[in-house]
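Notes for the one structure printed next.
Excluded from the calculations below are hydrogen atoms, water molecules and symmetry mates; all remaining heavy atoms, backbone and side chain alike, are included.
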Amino acid sequence: MRFFNAVSWMKCLTASILILAIFTLATVQVSMETHLWLSASAFFIVVMGMTANNKPYLHLLMLLTGAFISIRYIWWRYDQTLPWESSLDMPFALALLVTEIYGITIYLLGIFVNAKHRDRDIIPINTEKPLPTVDVFIPTYNESIRVVGPTIAAATQLQYPGIVNIWVLDDGGTAQKLNDKDVDQANAAYSRSNSLKQLCQQLGVHYLTRPENTHAKAGNINHALPHSSGELILILDADHVPSKDFLTNTIGQFQQQPNLGFVQTPHFFVTPNPIERNLGIEDKVPSENEMFYNGILKGLDFWNASFFCGSAAIIRRKALEDVGGISTRTITEDADTALDIHAKGWDSAYINKAMIAGLSPDTFGSYVTQRTRWAQGMLQILMLNNPLLKRGLTFPQKLCYLNSTLFWFFPIFRVIYLIAPLCYLLFDLQIFVGNANDFIAYAVPHLVISILVTQHLFGKNRNTLFSEFYETILAIFLAIPVLSAIINPRRPSFAVTPKGETTNHTHFSPLMPVIIVTTAIIGFAEGLGIYRFYHYSAEQGQLAVVLVFNTFNLIMCLVCLGALVERKQRRAEPRSACRNTGVVTVGNSTAQANINDTSMNGAHLTIKSLKHSLSPSDIIELTCFVEQPSPTETRKKKVKPQRIALRIRHVNYLSNSQTANCEVLESSTRAWQTLASLTFGDSEKWSKRRAFEQQQRRGVIHAIAHFFLLGFKSLAYTLSVSRNTPITDKQPEQNERKPQDVR
C-alpha cells in the first residue's frame with residue numbers, strides 16, 4: 001500500500017510539473033516569427049498524432065501540444081486584446097474573455113478525460129460460483145401502457161441462471177395521484193393503475209406503489225429497496241426495453257470484482273431525437289448520444305469515474321445502502337448517486353454494448369424539458385455536492401466529475417458568444433483590440449488545432465460543428481433555467497420527459513419565435529457589418545474578425561430554424577429490423593414468410609408462394625419461433641411456436657411473393673412477449689446500428705461544408721413550410737400514443 005501511494009504521488013508530481021511547464025512556456029513573449037514557427041510545428045505534431053496508430057507517446061504529445069497552443073492563445077487574449085483604457089467597453093470585453101477561458105477549460109478537461117479510453121471485454125457468468133440474486137426495478141410515472149408494457153414484457157425474458165425478481169414501481173398509482181383534486185386526473189390515474197396492475201399480474205411480476213410522490217424517481221426507487229432483497233439491482237426506465245442477454249453480459253463483472261459498485265451500459269435510442277428528425281439527418285450523421293456513450297464514458301471508465309446514467313445499469317445493493325440509497329439531493333439523482341458511491345471507495349465499470357432500446361423525446365419542447373433537468377441537476381451537484389471538495393474521491397475522479405458538471409454552464413457562455421459580435425456591430429463596443437493579422441497569427445492556430453484534436457478524439461461519434469450547434473440551439477432556451485439553478489440550487493424540481501407523442505401535421509414548434517427573433521437580429525447585424533466593411537476602411541481589420549464569428553452564429557441559427565419545424569410523425573411505435581422466419585396461414589393456405597421488421601403494433605412480412613392473394617383488411621395468422629431464456633441455463637432455447645393474429649393494412653404483389661404491412665389484432669400478454677422478443681430481444685441489431693452510424697462520419701472539411709449547406713437548406717425548408725403554416729397560428733395538437741388494454 002505504501003508503495004502504491006508513493007507511485008501515485010510521483011505520478012501526480014510529474015503531472016503537476018508538466019502542467020506548470022506548459023503554462024510557463026505558453027506565456028513567454030516571443031517575436032511574431034517565432035510564434036508562427038511554433039504554430040506551424042504544433043500543427044505538424046497534431047497531424048502526425050492523428051495519423052499515427054498505436055503510438056501512445058505521440059498521442060500524448062499531440063494532446064499536450066493542443067493544450068499548449070490554446071493556453072498561448074488565451075494568454076494573448078488577456079495580454080494584448082483587452083481595452084484597458086475604456087471603462088465602458090471593458091465589462092463586455094471581459095465577459096467574452098471569461099467565456100473563452102471557460103471554453104478552453106472545458107476543452108482541456110475534456111482532453112484529460114479522453115486521453116485514454118477503456119474498452120472492457122464481457123466477462124461470462126461463472127455458474128460454479130454463487131449466483132447473485134437480481135431485482136429488476138422499472139420505475140414509471142405517467143407513461144402509457146404502450147410505452148412501459150414492452151419493457152415489462154422484455155424483462156420477463158431476461159436470460160439468467162439465477163433468481164430474478166421484476167418490480168414495476170408505479171408512481172402514477174400512488175394514493176396522492178388516485179386522490180387528486182382534479183377528478184379527471186384522478187380517474188385517469190385510477191384507470192392506468194388498474195391496467196398496469198392487470199398487466200403485471202398476467203406477466204407474473206411484482207407491482208408496487210407508495211402513498212406519495214416525494215423525491216420523484218429517486219424516492220420511488222428508495223421506497224422499493226426495503227420491499228426487495230436482490231443482491232444486484234437492474235434499473236430500467238419505463239421506455240428502456242432490455243435485450244435478453246443484458247444480465248448474462250454484465251453479472252460476470254460483479255463476480256470477478258467484489259468491490260464493483262455498479263455497471264453502466266449505453267442508452268441506445270430506436271427513434272431519432274427531434275432535432276435529427278426535423279432536419280432529416282437521422283441516417284446521415286452519427287447519433288447525438290454516441291459522443292457520450294461511445295466516447296466520453298469510455299474515457300471516464302479509464303479513470304474509474306464512469307457514472308450511473310439513471311437506467312440500463314446494475315447497482316450492487318451494498319453499495320447503494322452504503323450511501324443511503326439513491327440521492328434525493330438533486331434532480332439528476334443518477335450522477336449524484338454515482339459520485340457518492342465513488343467517494344465511498346466503490347469501483348465502477350462501463351460496458352460499451354447497447355443492450356436496451358429506448359425512446360428519444362418526440363418534440364423539441366420535450367427535448368428541452370429533458371436537457372433542462374440535466375443542466376439544472378448537474379449544476380446542483382457542483383454546488384451542493386462539489387466533487388473538488390468531496391472526500392474519498394481520487395484526484396482524477398475529481399477532475400472527471402468537475403468536467404461533467406462544469407460543462408452545463410455552457411448555455412450562459414454560448415449566449416455570450418451569440419451576443420459578443422452584436423456588441424460591436426450594433427453598438428460599436430470594443431470587445432477586443434487587435435487587427436486581422438494578429439487574429440490570424442494567434443486565433444487561427446488555436447481554432448484549427450482545437451478542431452483537429454477534437455476530431456481525433458470524437459470524430460468517430462460526432463461530425464465537426466455539430467457539438468457547437470447542439471450547444472447553440474439549447475443555450476437559447478436553457479440560459480434562464482441555468483441562471484435560476486445557480487441563484488437558488490435547491491429550487492429546481494424533477495420534470496418527467498414526455499415520451500410516446502405523435503404529431504399529425506408538419507408545424508412550427510411553439511418555441512420557434514425565439515429562434516426567428518434571434519436569427520433576425522444576427523442577420524441584421526450581419527448586413528450592417530458588411531455595409532460598414534465596404535464603407536469604412538479604417539475599421540476593416542476588426543470588422544473582418546467580428547464578421548467571421550457573426551457569420552458563424554448566423555449559420556448556426558439558420559440550422560436551428562430547420563430543427564424547430566416539427567415534422568409529421570404518425571407512426572405510433574418504433575420499428576426494428578428482424579431476421580426471423582415464420583409461417584403465414586390464411587384460411588386453408590399456408591406459406592413461408594420472412595419477418596422483415598416488427599414493432600409492438602405490427603410487422604412487415606415477405607410471404608412466399610402463397611396461393612391466396614392477400615388484400616387490405618384480410619386477417620392472417622403468423623406462426624413464428626421465438627427464442628426464450630431457459631430458467632436453468634444461460635444459453636437460448638427454442639420453445640413451442642407462437643401464433644399472432646394480424647390484419648393486412650397494405651400489400652404489394654411481386655413475381656413469386658407478396659409483401660404485407662400488418663397490424664396486430666390481439667393484445668394478449670403472449671403476443672406482447674412474442675413481439676417484444678422479435679423487436680427488442682437481440683442486442684446485436686443495436687450493435688450494427690451503432691456501427692452504421694459511425695460510418696456516417698465525415699472528415700473535417702467535408703463536415704463543415706455539409707453543415708453550412710444544411711443551414712441554407714434549413715432556411716429554404718422553413719420558408720416553404722411558413723407559406724402553409726403561419727407562425728402566429730395555433731399549433732396542431734400533439735397526441736400521446738394511446739394505451740391499449742391488455743387482456
Side-chain angles (χ1 to χ4, degrees), residues 102 105-106 109-110 112-113 139 214-223 225 233 235 259-264 292 296-297 299-301 303-311 313 315-350 370-413 478 481-496:
Y102 164 81
T105 300
I106 294 297
L109 285 171
F112 171 80
V113 169
T214 53
H215 299 303
K217 178 181 174 181
N220 193 7
I221 294 173
N222 289 339
H223 173 261
L225 288 175
I233 301 170
I235 297 178
N259 198 52
L260 185 61
F262 63 90
V263 170
Q264 180 64 53
F292 180 71
I296 295 173
L297 262 179
L300 293 172
D301 193 31
W303 300 110
N304 191 28
S306 60
F307 56 80
F308 171 41
C309 299
S311 178
I315 306 178
R316 194 185 296 271
R317 181 180 290 268
K318 288 183 179 178
L320 202 52
E321 291 175 344
D322 201 14
V323 297
I326 300 292
S327 173
T328 59
R329 183 171 37 228
T330 71
I331 58 174
T332 46
E333 75 294 330
D334 42 17
D336 201 18
T337 302
L339 177 60
D340 290 341
I341 290 175
H342 279 130
K344 287 290 186 178
W346 292 93
D347 297 326
S348 62
Y350 175 65
Q370 180 190 67
R371 301 310 162 100
T372 298
R373 185 179 77 246
W374 292 2
Q376 290 183 324
M378 295 303 281
L379 293 178
Q380 283 181 305
I381 292 175
L382 182 64
M383 290 180 282
L384 302 178
N385 196 21
N386 193 299
L388 288 179
L389 306 178
K390 189 79 171 180
R391 298 183 62 182
L393 295 178
T394 65
F395 186 67
Q397 286 176 329
K398 289 176 182 287
L399 291 181
C400 289
Y401 276 104
L402 181 65
N403 176 64
S404 299
T405 53
L406 274 182
F407 168 78
W408 289 97
F409 279 101
F410 80 80
I412 296 174
F413 293 111
L478 265 58
V482 163
L483 279 173
S484 174
I486 294 171
I487 294 170
N488 186 356
R490 299 187 185 278
R491 183 178 181 181
S493 57
F494 191 95
V496 176

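- Atom CZ of residue R371 and atom CH2 of residue W408 lie 6.0 Å apart, to the nearest 0.5 angstrom.
- In this structure, I381 and D336 approach most closely via the heavy-atom pair CD1-N, 3.5 Å.
- Here the CG-CD1 distance, from D347 to I341, works out to 11.5 Å after rounding to the nearest 0.5 Å.
- At distances below 3.5 Å, not a single donor-acceptor pair connects side-chain atoms of Y350 with backbone N or O atoms of G299.
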Stepwise side chain to side chain contact (heavy atoms under 4.5 Å, CB included) check, R329 with N385: CA-CA 9 Å; R329 183 171 37 228; N385 196 21; 3.0 Å; yes
Donor-acceptor pairs under 3.5 Å, side chain of residues 486-493 to any protein atom, not counting sequence neighbours: which ones?
from : atom 1 : to   : atom 2 : distance (Å)
N488 : OD1    : R490 : N      : 3.4

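- How far OG1 of T330 is from CE of M383: 10.5 Å, rounded to the nearest 0.5 Å.
- To the nearest 0.5 Å, atoms CE (M378) and CZ (F407) are separated by 10.0 Å.
- Counting all heavy atoms, side chain and backbone alike, T405 lies closest to L402 at OG1-O, 3.1 Å.
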Step-by-step side chain to side chain contact (heavy atoms under 4.5 Å, CB included) determination, L260 to W346: CA-CA 6 Å; L260 185 61; W346 292 93; over 6 Å; no
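- Taking CG of L388 as the reference point, atom CG of L406 lies at 8.0 Å (rounded to 0.5 Å).
- A donor-acceptor pair is defined here as one N or O able to donate and one able to accept, closer than 3.5 Å; no such pair exists between the side chain of Q376 and the backbone of I331.
- Judged by distance alone, with hydrogens and angles left aside, the side-chain atoms of Y401 form no donor-acceptor pair with the main-chain N or O of P396 at under 3.5 Å.
- The two residues L393 and P387 come nearest to each other via the heavy atoms CD1-O, 3.7 Å.
- Between L109 and L399, some side-chain heavy-atom pair lies under the 4.5 Å cut-off.
- With hydrogens and angles ignored, the 3.5 Å screen pairs no side-chain donor or acceptor of R317 with any backbone N or O of I233.
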Derivation and outcome, side chain to side chain contact (heavy atoms under 4.5 Å, CB included), residues F307 and L300: CA-CA 8 Å; F307 56 80; L300 293 172; 3.9 Å; yes
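- Applying the salt bridge (charged side-chain N to carboxylate O under 4.0 Å, His left out) definition to pairs two or more places apart or across chains, those involving residues 381-399 are D340-K390.
- Between the side chain of T337 and the main chain of S327, a donor-acceptor pair closer than 3.5 Å is present.
- Residues Q264 and A313 share a closest heavy-atom pair of OE1-CB, 3.2 Å.
- F409 pairs by the ring pair (Phe, Tyr, Trp, His ring centres under 6.0 Å) definition with nothing, not counting sequence neighbours.
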CA sep, side-chain torsions, deciding dist, call: L483, I412, side chain to side chain contact (heavy atoms under 4.5 Å, CB included): CA-CA 8 Å; L483 279 173; I412 296 174; 3.7 Å; yes
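- When atom types are taken as modelled, the side chain of Q397 and the backbone of N304 share a donor-acceptor pair closer than 3.5 angstrom.
- Here the shortest heavy-atom pairing between T372 and P481 reads CG2-CB, 3.7 Å.
- Although no hydrogens or angles enter the test, the distance criterion places no donor-acceptor pair under 3.5 Å between the side chain of D301 and the main chain of S306.
- Taking the six-membered ring where the residue is Trp, F112 and W303 present parallel rings, their angle staying beneath 30° rather than reaching 60°.
- Ring pair H342/F262: centre-to-centre distance below 6.0 Å.
- S404 OG to L382 CG: the interatomic distance, rounded to the nearest 0.5 Å, is 11.0 Å.
- G310 and I235 get closest at one heavy-atom pair: O-CG2, 3.5 Å.
- Between I326 and F308 the shortest side-chain heavy-atom distance falls below 4.5 Å.
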